[in-house]
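Values reported hereafter were calculated over all heavy atoms of this structure, with side chains retained and with hydrogens, waters and symmetry mates removed.
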Amino acid sequence: MKYISDLHIHSYYSRATSKQLNLEHLNKWAQIKGLQVIATGDITHPQWLEEMREKLEPDGTGFFKLKPEYQKQTQSEVPKACESEVRFILSGEISSIYKKGERVRKNHNVVFFPSLDAVQAFQNTLDRIGNIHSDGRPILGLDARDLLEIVLDTHDQGYLIPAHIWTPWFSLFGSKSGFDRIQDCFEDLTPHIFALETGLSSDPPMNWRLSALDGYTLVSNSDAHSPAKLAREANIVDTDLSYSGLFDAIRSGDSFLGTIEFFPEEGKYHMDGHRKCSCMMRPPETMAHDHLCPECGKPVTLGVSYRVEQLADRPPGFRPESAPPFHSLIPLPEVLSEVMQVGPQSKRVNTAYFKLLNNLGSELSILVDIPIDDIQRAGGDLTAKAVKRMRAGEVNPQPGYDGEFGVIRIFKPGEREKIMNQDALFQPSSKSVLKKKPQKQSLRTEPENKAADQKEPYGINEDQEAAIRHRGSPLIVQAGPGTGKTHTLTHRIASLIETGDTPPDAILTITFTHKAAEEIATASVPAFG
């Protein structure tokens, strides 16, 4: 069975996470995103374990599912086209801070167990070592090698995967406190490490440059701190829907079909830099400046690209023969945000997002599998073009650095408007053309009576109001002399500004007569939302 899994997330018991990171909302958003298996997160937290015992039930395969009475609480919010069965896997992240090799080491690891009893036993051991009650991702003074030993001793199907291995501050290879070799971290227990999580700021091609990683399966997970961030990275497998089937696929690599990836430039530690000085540098620039910020002279944070360059023994572009494929994606709300030129959290984007989900299915299916023609019919030409370009990797990245997320643009400046104009001129849709025949009488500029005022506010009739309120795609209005074209255009400008859809300095109005220009420039138009 082919399915997608996200194996590293958090619950609302972790610091700086959404209060909606509970099992009910995770079950909801897993369906919306297109995940069949999702981590519970935070298995070391005693109160979270109590909630899992209350709300989850084993499915007999080492996975768990949400009990029906809890599914009902959010299931009505899942679009019908996205509905599916969701399985949970017991996992959680642990932060280790300890001294080794004359240096302070800080690294994060994700651990997995197939039963709640095993989780309880694991908690009992860690509770004697440090504080596991105050944070869903506990910070322990525990050597990563010793943590792995505890996992192996707890259950014969207990596993550990090093998390986001390149992150500067808390990872296996991190520039601030990491190691140069996996063996230096896990010593005699290194053979029990069979997979590595690459993190948001790197992708498979970057990791392929290290021959030392050839024997490991490269997995990708979201590390989500809110439900809507699920599946920004994920894993595709073709195996039994079971705990043992999943880890057999990851361990062997035979049924591991690849990963869903961030564009690594969007990761907040992709390049080097100094956030306080808004200074971003690529590795050659960093070396040229002796690792110092050219603005203030302080050391810069060395990013993932620099660290990969330090340890790589292969040139850029090298690909191992057995390497599985991967998909680099931009989350659908971000795609729609660029298409609509509004924020990804805006009401307009949210409405368009759920419209696409209702018509086409889950977010990952839209981003990866749904035919472009179907996306065009459901979401319009510009959305279809954006998804097509993203799939082809035709993007314009502004890399992240020193804790600042990068930005991935699909369209270059001015290109979006050019495409819209081309579509409007050469491929007008009948639904996007408003036609109005000339009238013998010109449009009233003032209401003649109260009834007219109520029906046509500010002298606007039904067709003109449709043109004024239209959003989201190019529009051609065909109307003859004396039908109020300039009047309509003036109110449309006012509406765009009033609703906040377009800032005033982004509006250009072109007319062909001095009279029309003067009318627009001197018009006094009431608010028309």
Side-chain angles (χ1 to χ4, degrees), residues 4 31-35 79-82 228 231-234 236 258 260-263 265-266 325-398 407-434 466-467 469-477 496 501-502 506:
I4 304 176
Q31 295 175 74
I32 289 173
K33 295 291 182 174
L35 296 167
K80 292 292 183 183
C82 299
R232 57 185 177 179
E233 293 204 333
I236 309 170
I260 304 293
E261 299 282 338
F262 238 34
F263 281 95
E265 294 90 348
E266 191 169 358
F326 65 96
H327 305 274
S328 294
L329 304 179
I330 302 171
L332 186 55
E334 294 180 23
V335 174
L336 296 172
S337 172
E338 185 169 356
V339 167
M340 297 180 175
Q341 296 290 279
V342 294
Q345 306 298 324
S346 67
K347 183 177 179 180
R348 286 185 62 202
V349 165
N350 187 66
T351 299
Y353 178 71
F354 278 95
K355 178 184 175 183
L356 286 174
L357 296 177
N358 275 293
N359 289 334
L360 299 176
S362 69
E363 178 175 341
L364 287 180
S365 67
I366 293 170
L367 294 176
V368 177
D369 297 319
I370 298 294
I372 294 297
D373 287 346
D374 292 348
I375 296 174
Q376 189 277 332
R377 283 189 286 270
D381 292 339
L382 203 58
T383 299
K385 281 184 171 67
V387 172
K388 184 177 181 179
R389 286 192 177 191
M390 178 206 65
R391 290 180 182 178
E394 298 172 359
V395 299
N396 306 288
Q398 178 182 327
V407 178
I408 308 296
R409 299 292 184 198
I410 300 172
F411 303 111
K412 296 178 181 178
E415 189 178 22
R416 174 183 172 277
E417 290 72 19
K418 183 178 179 181
I419 292 172
M420 290 179 67
N421 290 338
Q422 289 173 343
D423 290 342
L425 288 172
F426 300 111
Q427 299 179 14
S429 167
S430 59
K431 292 184 178 180
S432 297
V433 178
L434 295 178
R469 294 186 182 278
H470 181 78
R471 303 287 192 273
S473 66
L475 176 70
I476 296 176
V477 178
L496 289 168
D501 290 327
T502 307

Can you name the nearest heavy-atom pair linking G343 to S337, along with the distance? C-OG, 3.6 Å
To the nearest 0.5 Å, tell me how far L367 CG sits from I260 CD1. 8.5 Å
Any heavy-atom pair between the side chains of L357 and I366 that's under 4.5 Å? yes
CE on M390 to NE2 on H327, rounded to 0.5 Å: 10.0 Å
Could you tell me which non-hydrogen atom of N396 sits nearest to which non-hydrogen atom of F411, and how far apart they are? ND2-C, 3.8 Å
Minimum heavy-atom separation for A352 and L336, please, with both atom names. C-CD1, 4.0 Å
For I4 versus A234, what's the shortest heavy-atom pair and its separation? CG2-CB, 3.6 Å
Between CZ of R389 and CZ of R409, what distance do you get to the nearest 0.5 Å? 14.0 Å
Would you list the pairs meeting side chain to side chain donor-acceptor pair (under 3.5 Å) in which at least one residue belongs to residues 341-358, sequence neighbours left out? Y353-E363
Do NZ/NE/NH1/NH2 and the carboxylate oxygens of E334 and R232 come within less than 4.0 Å? no
Return yes if some donor-acceptor pair links the side-chain N/O of K33 with the main-chain N/O of A228 below 3.5 Å, else return no. yes
Provide the closest heavy-atom pair for I375 versus A384 in the form atom of the first, atom of the second, distance. CG2-CA, 3.9 Å
Distance check, rounded to the nearest 0.5 Å: L496 atom CG versus R471 atom CZ? 4.5 Å
Which distance, rounded to the nearest 0.5 Å, do you find between the CD of E338 and the CZ of R416? 8.5 Å
Heavy-atom pair with the smallest gap, counting every atom of V339 and A386: CG2-CB, 4.0 Å
Show every side chain to side chain donor-acceptor pair (under 3.5 Å) that has at least one partner inside residues 365-377, sequence neighbours left out. S362-S365, D374-R377, Q376-D381
My understanding is that only residues two or more places apart in sequence, or in another chain, count here; which of them pass salt bridge (charged side-chain N to carboxylate O under 4.0 Å, His left out) with R391? none
Say you draw a straight line from CG of L329 to CZ of F263; how long is it, rounded to the nearest 0.5 Å? 7.0 Å
